[in-house]
Amino acid sequence: LCAGWNIDYFLQMNLPHTKIVEILPDNEKKSCAKETRKQYRQFSLLDQGDPEPLKAFGASLLFCPFSAASHREYGLPIVSTINDIQHVFYPQFFSEEERSHREKFYRKIVQDTSAVLCISNYTRDTFCDVYGYDRKKAYPSYIAIHDRFPGAADHKVLKKMGLIPG
């Protein structure tokens, strides 16, 4: 589940065994190219008439890669990604309104999710400590750096870091 403006990002990825579903608020309709419509399905919650449109579509899990667990269906597990809780440690960079919004946002994640993926052990530990989230349901899922650092696999560096023998 993600905001509509993120759908294009996921459509560029080849995600095997994944159905991309966009849930539109109210009776909103969005036009998209014919080839795009084949790749994902749009739901307008009020149009469906089904209180559990994702389960009816065959979903077995709702993954929220950008954290927001804004849709919920009874019995459908929700997994959310936690990137940071910067508002807790750096409140001076956030307005009072934004801090309040983030607090409500993260409390809803704590309340509604079956598990969370955190971008580091530090994020997992601080999220669990601050929000009382069960550590057994919080998993690190590290950010992949891919080819952004050419030469990072230099054997001298890996040896110095103790990552390869010798």
### Query
Does any non-hydrogen side-chain atom of F127 lie less than 4.5 Å from one of I109?
yes
#### Entry: Student check: side-chain heavy atoms of T81 and N83 closer than 4.5 Å
yes
#### Entry: R107 and E103 ion-paired at < 4.0 Å
yes
#### Entry: Nearest-0.5 Å distance that lies between atom OG1 in T123 and atom CG in N121
9.0 Å
#### Entry: Distance flag, aromatic centroids of F93 and H87, threshold under 6.0 Å
no
#### Entry: Flag if over 12 foreign heavy atoms under 6.0 Å of OH, Y90
no
### Task
Scan T113, L61, V116 and name whichever one has a side-chain contact (heavy atoms from CB on, under 4.5 Å) with V79.
L61
### Query
Looking only at heavy atoms, what is the nearest atom pair of K108 and D112, with distance?
NZ-OD2, 2.5 Å
### hydrophobic_cluster_shared for V130 and V110, side chain cutoff 4.5 Å
yes
### Task
May I ask you to check if K104 and Y106 form a cation-pi contact, with NZ or CZ under 6.0 angstrom from the six-membered ring centre and within 45° of the axis?
no
### Query
Looking only at atom types and distance, does a side-chain atom of R135 sit under 3.5 Å from a main-chain N or O of C128, one as donor and one as acceptor?
no
### Task
Output the distance between atom CD1 (I119) and atom OH (Y142), rounded to the nearest 0.5 Å.
11.0 Å
### Shared hydrophobic cluster for F105 and Y133 (ILVMFWY, side-chain gaps under 4.5 Å)
yes
### Message
Is any side-chain heavy atom of I78 closer than 4.5 Å to one of F63?
### Response
no
### Task
Calculate, to the nearest 0.5 Å, the distance between atoms OG and CD1 belonging to S141 and I82 respectively.
12.0 Å
### Task
Give, for atom NE2 of H101 and atom CD of E96, the distance between the pair rounded to the nearest 0.5 Å.
14.5 Å
### Task
Would you mind checking if D129 and R124 are paired as a salt bridge, meaning a charged N to carboxylate O distance below 4.0 Å?
no
